[in-house]
Number of protein chains: 2
Amino acid sequence: MFERYGFHGVSVNQIVNECGTSKGGFYHHFASKDELLFVIHDYFISYALTKAQEAIDSNQLPTEKMQKIITSFLKVFDLYKPHISVFYQESIYLKPQYVKAIKEKRQSYKQIIFAVIKEGIQTGEFRPELPVEITGMSILGMVNWSYKWYKKDGDKSIEEIADIYVDLILNSLLTDQAKQEWRFKDYFLKNN
Amino acid sequence: MFERYGFHGVSVNQIVNECGTSKGGFYHHFASKDELLFVIHDYFISYALTKAQEAIDSNQLPTEKMQKIITSFLKVFDLYKPHISVFYQESIYLKPQYVKAIKEKRQSYKQIIFAVIKEGIQTGEFRPELPVEITGMSILGMVNWSYKWYKKDGDKSIEEIADIYVDLILNSLLTDQAKQEWRFKDYFLKNN
DNA sequence: CAGGACAGACCAACCAGTCGGTTTAAGCCT
DNA sequence: AGGCTTAAACCGACTGGTTGGTCTGTCCTG
């Protein structure tokens, strides 16, 4: 077996070749390959966190907050697909300091989602029998996974996908009573 | 910077050391590291596929089929968590022949889920306004992602998590009419 | 002419895979 | 039962090649 296929993610040599630069240039700007990966991750996670924070800081109903979070979450995949793909290929064996920093930001995002679900249950919009953590993780998983299949030139735009996800999620979360309220009707897909 | 942390997944040396065997022994049983990874993946994906196939071959309502698929899907994470973890760390740069074989099995699984959703829409159990592919991918993502956080000794058992996921998914899928039918009541969480 | 930006040869570490040799154990003959 | 044969199981030093990172030096700009 002689064939090799480029084993372990993207090497620094590949990066500098495709950028038309050099090893020296690269290490002049980044302390290590780990740092580059961290910066790439920070770029898109910061966008997601900012948008989610904006949503929960607003004076809106939990349903509306959830809609805004899901929509901006999916938007991240549209804006930063390349960043995210690099990161998911490489992320496993970063130095502990970088892993820590990344985990903290992801933890914050998770907590925002949990907080909205809790608030929605308190206001009576969301079903009280739902366990906050598992429900939150299911939402995170459902949306996060879409980076694996979403294509910019696919059948559906990111906004259309977001509308579908919001419909699916709110159908799971809202109480029967809340679903019948007029103010929420715009969040559901039209029954053709 | 001298420190190294074992960069790219698990090396063959690490594997044979921890197994108390040797390079020679390893390559006596496997043609390549790729083949080992393929065998590991095939082990758990075959279980999932078999269970899902059993579900759709049964003479049951789409709702019941979906419940069986989700439950067995989650069970895979309980049974094969180590296999799955190894695979997700390593999978990116397999030789094309292995990638092809793996993608085919994953494609089959996807098609089974799509088929159940289609059938459910045809029988009137599931909401006709839902797009089959996106809905299917959202279910796949939601369940698949749980390998990242599920712990055997966590708060909730895999069966409890499955019950919650089935509730969430069926609340998204079922029509208002179907939800009120007596025969589906057991699939929903109790309203305490 | 000073200092940041960049180039690329170079290095030690590490990787998947090889190969000649050794151990183990089962089958067979007497 | 005990020796003989044979092949599979297993070992680990070794190889060719790639990796992340370093270092010396050059270029460019103020």
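Remember, it's a predicted structure, so these values are computed and weren't measured experimentally. Computation of the quantities below employed the complete heavy-atom set of this structure, encompassing side-chain atoms and omitting hydrogens, waters and symmetry-equivalent molecules. Below, chains carry the letters A, B, ... as their sequence lines are ordered, and counting in each starts from 1.
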Atom NZ of B/K33 and atom P of D/dG17 are separated, to the nearest Å, by 20 Å

Check: residues 52-64 of chain B side-chain donor-acceptor pairs under 3.5 Å, at least two apart:
| unit_1 | atom_1 | unit_2 | atom_2 | d |
| --- | --- | --- | --- | --- |
| B/Q53 | NE2 | B/D57 | OD1 | 3.3 |
| B/S58 | OG | B/A55 | O | 2.6 |
| B/S58 | OG | B/Q60 | OE1 | 2.9 |
| B/T63 | OG1 | B/E125 | OE1 | 2.4 |
| B/E64 | OE1 | B/L61 | N | 3.0 |

Rounded to whole Å, CD of A/Q14 lies from C1' of D/dG20 at a distance of 13 Å

note: B/Y27, atom OH; D/dA13, atom P; distance rounded to Å ~ 17 Å

Given protein heavy atoms under 4.0 Å, the one-letter contact record of nucleotides 4-10 of chain C, with B base, S sugar-phosphate only and - none, is simply -BSBB--

Any side-chain donor paired with an acceptor under 3.5 Å for A/N13 and A/N17? no

For residues 143-156 of chain B, run the donor-acceptor check on the side chains, cut-off 3.5 Å, and write out each pair with its distance to 0.1 Å, sequence neighbours left out.
| unit_1 | atom_1 | unit_2 | atom_2 | d |
| --- | --- | --- | --- | --- |
| B/S146 | OG | B/V143 | O | 2.4 |
| B/Y150 | OH | B/D78 | OD1 | 2.4 |
| B/K152 | NZ | B/D78 | O | 2.5 |

Taken to the nearest whole Å, CZ/B/F26 to P/C/dC19 is 17 Å

Between B/E35 (side chain only) and B/S32 (backbone N and O only), is there a donor and an acceptor less than 3.5 Å apart?
no

- Query: Is the distance from OP1 or OP2 of C/dC15 to the nearest side-chain N or O of B/S11 less than 4.0 Å?
  - Reply: yes

Separation between OG (B/S172) and CG (A/L170), nearest 0.5 Å, reads 9.5 Å

To the nearest angstrom, the CZ-P distance between A/F30 and D/dT22 comes to 15 Å

Problem set entry | Lys/Arg-Asp/Glu bridge criterion (N-O < 4.0 Å) met for A/K179, B/D176 | no

Whole-Å distance, B/N17 CG to C/dC15 C1', equals 14 Å

